[in-house]
Student: 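Sharing a structure, written as structure tokens. Questions coming.
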Protein chains: 2
Amino acid sequence: MSRKDILEKLKQHGVMPTAQRIEVAAVLLSRPQHLSADQIIDKLKSRRSRVSKATVYNTLKLFSEQGIVKELSVDSSRKFYDSTTHSHHHFYHVDSGELSDIPGSQISISGVPPLPNGTEQESVEVLIRVRSKSK
Amino acid sequence: MSRKDILEKLKQHGVMPTAQRIEVAAVLLSRPQHLSADQIIDKLKSRRSRVSKATVYNTLKLFSEQGIVKELSVDSSRKFYDSTTHSHHHFYHVDSGELSDIPGSQISISGVPPLPNGTEQESVEVLIRVRSKSK
DNA sequence: TTCTATGCAAAGACTTTGCATGCTG
DNA sequence: CAGCATGCAAAGTCTTTGCATAGAA
């Protein structure tokens with residue numbers, strides 16, 4: 001995703017494209033991936049971008065509110081931010097803490113009972129936890 | 001679940017049944033439910049049990065390691081502990097923060113692609129997020 | 001100028017840990 | 001007595017907030 005695409009995307013979502021936001025977007029949106037705030041801060045450091053911790057957190061919050069990224073709660077010790085925003089499912093490697101998309105969208109779920117009264121569906125997420133083969 | 005059942009269950013899982021552990025188990029295992037550490041501490045208070053915060057956290061950690069309860073990561077701001085340990089799925093009410101079991105086990109998932117190389121499956125979890133009907 | 005963004009440090013929520021005391025076998 | 005459990009407070013993580021400064025419209 002080029003700088004121009006990033007500018008475009010921020011604009012589309014009503015986010016003023018400041019230098020720091022562009023840096024954060026460049027790191028996270030560069031390819032389909034799942035990063036924690038901390039990992040993003042590290043990547044910014046190795047790029048020699050100086051964006052404060054607070055701004056990174058604030059920016060990620062803003063991005064997820066505006067639908068630029070998707071916030072994932074897979075491990076309750078930290079949030080992950082997913083550069084892919086459309087509905088999809090994940091593998092979670094419990095040993096490495098890495099998340100990956102379940103490829104294709106061939107997963108389907110059947111036999112879902114009615115939702116609780118007075119509620120409507122917001123999303124359906126499948127998480128398959130995997131571990132290194134013990135063998 | 002009676003006091004006797006609780007004693008039995010702790011023993012089965014190799015956990016020494018101390019007074020505090022029995023109190024925590026009595027609260028959490030009383031019925032199928034999903035509670036955060038904080039909610040458990042509150043319930044203990046209203047029962048006039050005096051179990052320290054640290055002990056509640058340590059006990060919940062021990063219980064989940066020993067398979068007496070199941071730790072859930074649904075909301076990255078806190079952990080939930082589920083008194084039902086067999087594999088099942090959840091509704092998460094995003095407005096109230098409440099979790100509920102998806103009744104029956106009629107859910108089935110098809111079209112799951114092969115797992116990443118060198119990994120084996122640990123669990124599959126379906127989480128359906130719901131919100132109050134806006135209507 | 002006027003409004004919003006940024007950065008730092010402080011504050012906060014949740015959880016874990018260190019260590020002295022207490023209970024158990 | 002030896003060993004593990006408990007409780008308190010302190011420390012730790014991750015995240016948010018307050019506020020003064022800096023930048024954009």
Side-chain angles (χ1 to χ4, degrees), chain A residues 6-7 9-11 13-28 34-45 47-66 68-82 97-99, chain B residues 6-7 10-11 13-28 34-45 47-66 68-82 97 99:
Chain A
I6 289 172
L7 280 168
K9 182 155 216 165
L10 296 187
K11 252 186 238 170
H13 291 266
V15 170
M16 187 191 293
T18 66
Q20 290 84 346
R21 289 172 180 175
I22 292 170
E23 285 295 303
V24 172
V27 165
L28 182 51
H34 313 84
L35 298 174
S36 66
D38 224 51
Q39 291 173 324
I40 290 170
I41 291 168
D42 284 348
K43 296 213 175 211
L44 288 168
K45 275 183 192 149
R47 275 170 147 253
R48 277 162 197 53
S49 312
R50 13 170 191 41
V51 184
S52 77
K53 209 180 199 185
T55 298
V56 172
Y57 275 103
N58 291 338
T59 299
L60 290 171
K61 191 179 186 185
L62 176 66
F63 282 6
S64 53
E65 285 164 359
Q66 301 307 124
I68 297 173
V69 302
K70 202 172 165 190
E71 193 181 290
L72 303 176
S73 299
V74 156
D75 174 330
S76 50
S77 71
R78 63 202 157 163
K79 292 176 184 167
F80 281 97
Y81 294 90
D82 191 339
E98 268 171 46
L99 269 173
Chain B
I6 289 171
L7 280 169
L10 296 187
K11 251 186 239 171
H13 291 266
V15 169
M16 186 191 293
T18 66
Q20 290 84 345
R21 289 171 179 175
I22 293 170
E23 285 295 304
V24 172
V27 165
L28 183 51
H34 314 82
L35 298 174
S36 65
D38 224 52
Q39 291 172 324
I40 291 171
I41 291 167
D42 285 348
K43 295 212 175 211
L44 288 168
K45 274 183 193 148
R47 275 169 145 252
R48 279 161 197 53
S49 313
R50 13 171 190 43
V51 184
S52 77
K53 210 180 198 184
T55 298
V56 172
Y57 275 103
N58 291 338
T59 299
L60 291 171
K61 192 179 184 183
L62 176 67
F63 283 5
S64 51
E65 284 164 0
Q66 301 307 123
I68 297 173
V69 302
K70 201 173 166 190
E71 193 180 291
L72 303 177
S73 299
V74 156
D75 174 330
S76 50
S77 71
R78 62 200 158 164
K79 292 175 183 166
F80 281 97
Y81 294 90
D82 191 339
L99 268 173

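Numbered from 1 within each chain, the chains take letters A, B, ... in sequence-line order.
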Student: Between the protein and nucleotides 23-25 of chain C, list every N/O to N/O distance that falls short of 3.5 Å.
Tutor:
none

Student: Quick one: NE2 on A:H34 to OH on A:Y81, what's the gap to the nearest 0.5 Å?
Tutor: 14.0 Å

Student: Using whole Å, report how far CG of A:N58 lies from C1' of C:dG7.
Tutor: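 Value for this atom pair: 10 Å.
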
Student: Round to a whole Å and report the spacing from OH of B:Y81 to C1' of C:dC14.
Tutor: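 Nearest whole value for this atom pair: 10 Å.
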
Student: What is the distance, to the nearest angstrom, from the OH atom on A:Y57 to the C1' atom on C:dA11?
Tutor: 15 Å

Student: Kindly compute the distance separating OG1 (A:T18) from CG (A:L10), expressed to the nearest 0.5 Å.
Tutor: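 Reported value, rounded in 0.5 Å steps: 8.0 Å.
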
Student: If we fit an axis to the first five pairs and another to the last five of the helix from C:dT1-D:dA25 to C:dG25-D:dC1, what angle do they make, to the nearest 10°?
Tutor: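 The end axes of the helix from C:dT1-D:dA25 to C:dG25-D:dC1 are about 20° apart, to the nearest 10°.
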
Student: Would you say a side-chain N or O of B:K79 is under 4.0 Å from OP1 or OP2 of C:dT16?
Tutor: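 Yes.
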
Student: Hey, which sits more toward the 5' end of DNA chain D by its nearest nucleotide, B:S76 or B:S52?
Tutor: B:S52

Student: Only pairs under 3.5 Å count here: list side-chain donor-acceptor contacts from residues 57-64 of chain B, not counting sequence neighbours, and write none if there are none.
Tutor:
| from | atom 1 | to | atom 2 | distance (Å) |
| --- | --- | --- | --- | --- |
| B:N58 | ND2 | B:A54 | O | 3.2 |
| B:T59 | OG1 | B:T55 | O | 2.6 |
| B:S64 | OG | B:L60 | O | 3.1 |
| B:S64 | OG | B:K61 | O | 3.1 |

Student: Name all residues meeting the side-chain contact (heavy atoms from CB on, under 4.5 Å) criterion together with B:S76; count only those two or more places apart in sequence or in a different chain, and write none if there are none.
Tutor: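 Checked B:S76 against side-chain contact (heavy atoms from CB on, under 4.5 Å); matches are A:S73, A:K79.
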
Student: Reckon A:S77 touches a base, only the sugar-phosphate, or nothing at all at heavy-atom distances under 4.0 Å?
Tutor: sugar-phosphate

Student: Can you tell me if A:R50 touches the phosphate of C:dT6, counting only side-chain N or O atoms and a distance under 4.0 Å to OP1 or OP2?
Tutor: no

Student: Using the side-chain hydrogen bond (donor to acceptor under 3.5 Å, both in side chains) criterion, which residues pair with A:D75? Sequence neighbours excluded.
Tutor: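 Once residues adjacent in sequence are excluded, the partners of A:D75 under the side-chain hydrogen bond (donor to acceptor under 3.5 Å, both in side chains) criterion are A:S77, A:Y92.
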
Student: Given A:V69, which of A:V24, A:L35, A:L28 fulfils the side-chain contact (heavy atoms from CB on, under 4.5 Å) condition?
Tutor: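 For A:V69, the side-chain contact (heavy atoms from CB on, under 4.5 Å) check succeeds only for A:L28.
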
Student: Excluding sequence neighbours, so at least two apart, what forms side-chain contact (heavy atoms from CB on, under 4.5 Å) with A:E23?
Tutor: A:L44, A:R47, A:S49, A:V51

Student: When rounded to the nearest 0.5 angstrom, what distance separates CD in B:E71 from CD in B:E65?
Tutor: 9.0 Å

Student: Here's a test of your reading of the structure: between A:A54 and A:D38, which maps to the more 5' nucleotide of DNA chain D?
Tutor: A:D38

Student: CD1 of A:I22 versus C1' of C:dA5: gap in Å, rounded?
Tutor: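 Distance check: A:I22 CD1 to C:dA5 C1' gives 13 Å.
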
Student: First contact, last contact: which nucleotides of DNA chain D are these for chain A, 5' to 3', heavy-atom distance under 4.0 Å?
Tutor: D:dC14 to D:dT17

Student: Looking at CG of A:D38 and CZ of A:R78, how far apart are the two atoms once the value is rounded to the nearest 0.5 Å?
Tutor: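 Spacing of CG (A:D38) from CZ (A:R78) equals 8.5 Å.
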
Student: Whole angstroms only, please: what is the CG-C1' distance between A:D75 and C:dT15?
Tutor: 13 Å

Student: To the nearest 0.5 Å, how far apart are CG in B:L72 and CG in B:D82?
Tutor: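 The CG atom of B:L72 sits 5.0 Å away from the CG atom of B:D82.
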
Student: Quick one: A:R78 CZ to C:dT15 C1', roughly how many Å, whole number?
Tutor: 15 Å

Student: If each of A:L62 and A:K53 is mapped to the nucleotide of DNA chain C with the nearest heavy atom, which maps nearer the 5' terminus, i.e. the 5' end?
Tutor: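 So the residue in question is A:L62.
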
Student: Can you tell me how far P of C:dG12 sits from NZ of A:K61, to the nearest Å?
Tutor: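 From A:K61 NZ to C:dG12 P: 15 Å.
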
Student: Given atom CD of A:E23 and atom C1' of C:dG7, what is their separation to the nearest angstrom?
Tutor: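 That distance rounds to 16 Å.
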
Student: Apply side-chain contact (heavy atoms from CB on, under 4.5 Å) to A:R50 and list each qualifying residue two or more places apart in sequence or on a separate chain.
Tutor: none

